[in-house]
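Okay, so here's the structure we're looking at.
Only a predicted model underlies this, so the values are computations on that prediction, with no experimental measurement involved. First listed ligand is number 1; within each ligand, the first listed atom is number 1.
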Amino acid sequence: MRLGILGAGKIVTEALPVISAVPDIQLAAIFATPRSKEKLLEMQNKYNIEKIYTDLDELLSDDGIDTVYVALPNSLHFDFAKKSLLAGKNVISEKPFVETVDQLIELRAIAKEKSLLLVEAITNQYLPNYQVVKDNLAKLGDIKLVIANYSQYSSRYDAFKAGKISPAFDPTKGGGALMDLNIYNLHLIIGLFGKPANIQYRPNIDENIDTSGIVSLSYPKLQALAIAAKDADGDSSLIIEGTNGRLKVNGAPNTLGSVELTLRNKGSIRLAPDDNHHRMHAEFVQFAELVAKPDPEFVKKRLDHSQQVLKVLEQAHKNL
Ligand SMILES: NC(=O)c1ccc[n+]([C@@H]2O[C@H](COP(=O)([O-])OP(=O)(O)OC[C@H]3O[C@@H](n4cnc5c(N)ncnc54)[C@H](OP(=O)(O)O)[C@@H]3O)[C@@H](O)[C@H]2O)c1
């Protein structure tokens, strides 16, 4: 995969050491605004990125790039992904994929027509410990309750309280706890249990943005809570409770740490340790594989899942 990266912010800084070490990924180019030129030059030197661009059209007309990674504020994902697809590039977009179901449907139509890859970079769906959870659900008997909690005092919260609003806290840029953190919980819950019958979002609002909140998802025989906070620390984890026992995944729902199974009257066992790799490793290995060897059936399943999550996100937004 010859990758062009769109953005030079926090996630790109974190992703570069990870993706630069994946053998099937060549860092063909990176793009950001002219105000980030210095940063681009630093990244280029440090990770041997072939080219830098501050003009998107120039990057998109570069034949040396087959795939772009959209790592920009949420409200820009749709426009940049659409332009990239229309220019003939495969698209990997950061979470949340786009802001509405209609936007995703439009992107899917272009990708299909042009036989291009379109996927959401959502770490937990590709992590080995996600599969461990899936494989062990049946041991829990009838599953009754699920609690997914991602509570992390944001490094940008103090600035937000002081009036300096970054995109992650800006309602006009697709910010907020639901879009930024609870999206991981929704991917987990919907990935494991499918489409909920009912959903409701109860947010804590500060300066017109949800800085924390709880989504409740009801299924015919199961109740789930998705909890996220950017204004408080918490015991981030995934807990699944059934008639035979419980399963706990330690750590943040974007990383999925060690997995423990506790069966009634039988004690606890550790099903899987913490993953040694950075959380973004598995997804990018998979994306490079999909570019080298297209798998339309797998990609359709991933897109259908992302679309279902977006549908729930849209419903939750109605409570904002
Ligand atoms: N996978 C994960 O674990 C993870 C973690 C964090 C974030 N994310 C996702 O990654 C995305 C980016 O988040 P972030 O925290 O990296 O954001 P960030 O630090 O604010 O960086 C955003 C980048 O977009 C650029 N940008 C802003 N407005 C632009 C415009 N109009 N045209 C072109 N470029 C523009 C910024 O350039 P300037 O600095 O020059 O404005 C900056 O390079 C979000 O969708 C977020 O949800 C994912």
Tell me whether Asp275 is salt-bridged to Arg279, with the criterion being a basic N under 4.0 Å from an acidic carboxylate O. no

So is Ala121 in contact with ligand 1, going by heavy-atom distances below 4.0 Å? no

Test applied, side-chain hydrogen bond (donor to acceptor under 3.5 Å, both in side chains); reference residue, Lys95; option that passes from Thr123, Asn74, Asp180, Asn254: Asp180

For Lys164, is there an ion pair with Asp158 - N to carboxylate O distance below 4.0 angstrom? no

Ligand 1 contact on Tyr69 by region, counting heavy-atom pairs under 4.0 Å: neither

May I ask you to list the atoms of ligand 1 that are less than 4.0 angstrom from any heavy atom of Leu76? 28 (N), 29 (C), 30 (C), 31 (N)

Check ion pair Lys161-Asp231 (N to O, under 4.0 angstrom): no

Atom 42 (C) of ligand 1: closest protein heavy atom, distance to 0.1 Å, is Gly9 N, 3.9 Å

When you measure from atom 11 (C) of ligand 1 to every protein heavy atom, which one gives the shortest distance, and what is it? Leu72 O, 3.4 Å

Asn208 CG: over 12 foreign heavy atoms closer than 6.0 Å: no

For Thr243, does its backbone N or O pair with a side-chain atom of Arg264 as donor and acceptor, under 3.5 Å? yes

Ligand 1 contacted by Phe97 (non-hydrogen, < 4.0 Å): no

Decide whether an N or O pair under 3.5 Å exists between Ala8 and ligand 1. yes

Any protein heavy atom nearer than 4.0 Å to atom 36 (C) of ligand 1: no

Can you pull out the closest protein heavy atom to atom 48 (C) of ligand 1? Residue, atom name and distance to 0.1 Å, please. Glu94 OE1, 3.1 Å

Is ligand 1 less than 4.0 angstrom away from at least one heavy atom of Lys39? no

Return the residue, atom name and 0.1 Å-rounded distance of the protein heavy atom closest to atom 45 (O) of ligand 1. Asn74 OD1, 2.6 Å

cation_pi(Arg302, Tyr126) dist<6.0 Å, angle<=45: yes

Hey, can you tell me if His277 and His281 have their rings parallel, tilted or perpendicular (30° and 60° cut-offs)? parallel

Taking atom 6 (C) of ligand 1 as the point of reference, which of Ile11, Val70, Asn124 owns the nearest heavy atom? Ile11

Does the pair Asp142/Lys221 count as a salt bridge with the N-to-O cut at 4.0 Å? no

Within the structure, is a non-hydrogen atom of Arg279 found at a distance of less than 4.0 Å from ligand 1? yes

Parallel, tilted or perpendicular, as decided by the 30° and 60° cut-offs, for the rings of Phe193 and Tyr219: perpendicular

Please write down residue, atom name and distance for the protein heavy atom closest to atom 15 (O) of ligand 1. Arg156 NH1, 3.3 Å

What's the shortest distance from atom 33 (C) of ligand 1 to any protein heavy atom, and which residue and atom give it? Thr33 CG2, 3.7 Å

When you compare ligand 1 with Lys10, is there at least one nitrogen or oxygen pair between them that comes in under 3.5 angstrom? yes

For atom 47 (O) of ligand 1, what's the nearest protein heavy atom and its distance? Lys95 O, 2.8 Å

Looking at ligand 1, would Ser166 count as a contact under a 4.0 Å heavy-atom criterion? no

Could you check atom 2 (C) of ligand 1 against the protein and tell me its nearest heavy-atom contact, residue, atom and distance included? Tyr184 OH, 3.1 Å

Establish, yes or no, whether the cationic atom of Lys230 lies under 6.0 Å from the six-membered ring centre of Phe169 and within 45° of the ring axis. yes

Counting from 1, what ligand 1 atoms have a heavy atom of Ser36 closer than 4.0 Å? 37 (O), 38 (P), 39 (O), 40 (O)

Salt bridge Arg246-Glu260, side-chain N to carboxylate O under 4.0 Å: no

